[in-house]
Amino acid sequence: MFLSTFLKYAEFSMRWHERRDAFPQWSERDTMLHLVIADASGSPRLVSEIGRIRSEVFRISHLVPVPAGARELADREHRTLIRAIAKHRPDAARFAMVRHVESTRALWLGLGRIASSGE
C-alpha cells in the first residue's frame, strides 16, 4: 500500500518537475520528493535531517546561481532512484541515492554535477 502511494506521488512529482517551472517551484517539489523518499525509509530521524538539509539548500540556492543543466540531471537521478524503489531493488536504490548525493555535493562545491554512467 505505502509503496503504491509513494510511486504515485513520485510519478506526479516527476511530471511537475518536467514542467520546467522557475527554480523556487522546482526546488519546493524537489524537497517534497526527498522528504517522501526519506519517509519511505521508516526513519523519523532521516526525515528530520532531510528537512533541515533541504532548508539549507533552498537558502543557499538564493545566494549561488544553480546551473541550467543541474535540474535536468537531478531529474534523471530521481527517475533512476524511483525506478529502483519501484522494482524493489534496494542495492540499486542505494547506489542511485549515493550518486545523487555525490553529484549534488559536487554541484555545491562548484565542480558541476557528476553525470552517472548508464543514464
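Val98 and Val57 are members of different hydrophobic clusters when ILVMFWY side chains are connected at heavy-atom separations under 4.5 Å. Under the 4.5 Å side-chain heavy-atom criterion for Ile, Leu, Val, Met, Phe, Trp and Tyr, Val36 and Phe58 are members of distinct hydrophobic clusters.
When all heavy atoms are compared, the tightest approach of Leu81 to Ala93 is CD1-O, 3.2 Å. In terms of heavy atoms, Ser103 sits closest to Leu73 at OG-CD2, 3.9 Å. Contact between Ile50 and Ala38 at its shortest, heavy atoms only, is CG1-CB, 3.8 Å.
Under the 4.5 Å side-chain criterion, counting only non-hydrogen atoms from C-beta, Ile82 is in contact with Leu33. Using a 4.5 Å cut-off on side-chain heavy atoms (C-beta onward), Arg29 and Met32 make no contact. The closest side-chain heavy-atom distance from Ser27 to Arg71 is not below 4.5 Å. The shortest distance between side-chain heavy atoms of Phe95 and Thr80 does not fall below 4.5 Å.
Of the charged side-chain nitrogens involved, at least one lies within less than 4.0 Å of a carboxylate oxygen, so that Glu102 and Arg99 count as a salt-bridged pair.
Interatomic distance, NE2 of His34 versus CD1 of Ile53, reported as 10.0 Å (0.5 Å rounding).
Results of the side chain to side chain contact (heavy atoms under 4.5 Å, CB included) test with His78 over His100, Met97, Arg83 single out His100 as the only residue that passes.
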Report the C-alpha distance between Arg54 and Asp30 in whole Å, list the side-chain angles of each, state the deciding distance to 0.1 Å, and finish with yes or no for side-chain contact (heavy atoms from CB on, under 4.5 Å).
-> CA-CA 9 Å; Arg54 291 300 304 171; Asp30 186 57; 2.9 Å; yes
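Formation of a donor-acceptor pair under 3.5 Å by the Ser41 side chain with backbone atoms of Ile37 is not found in this model.
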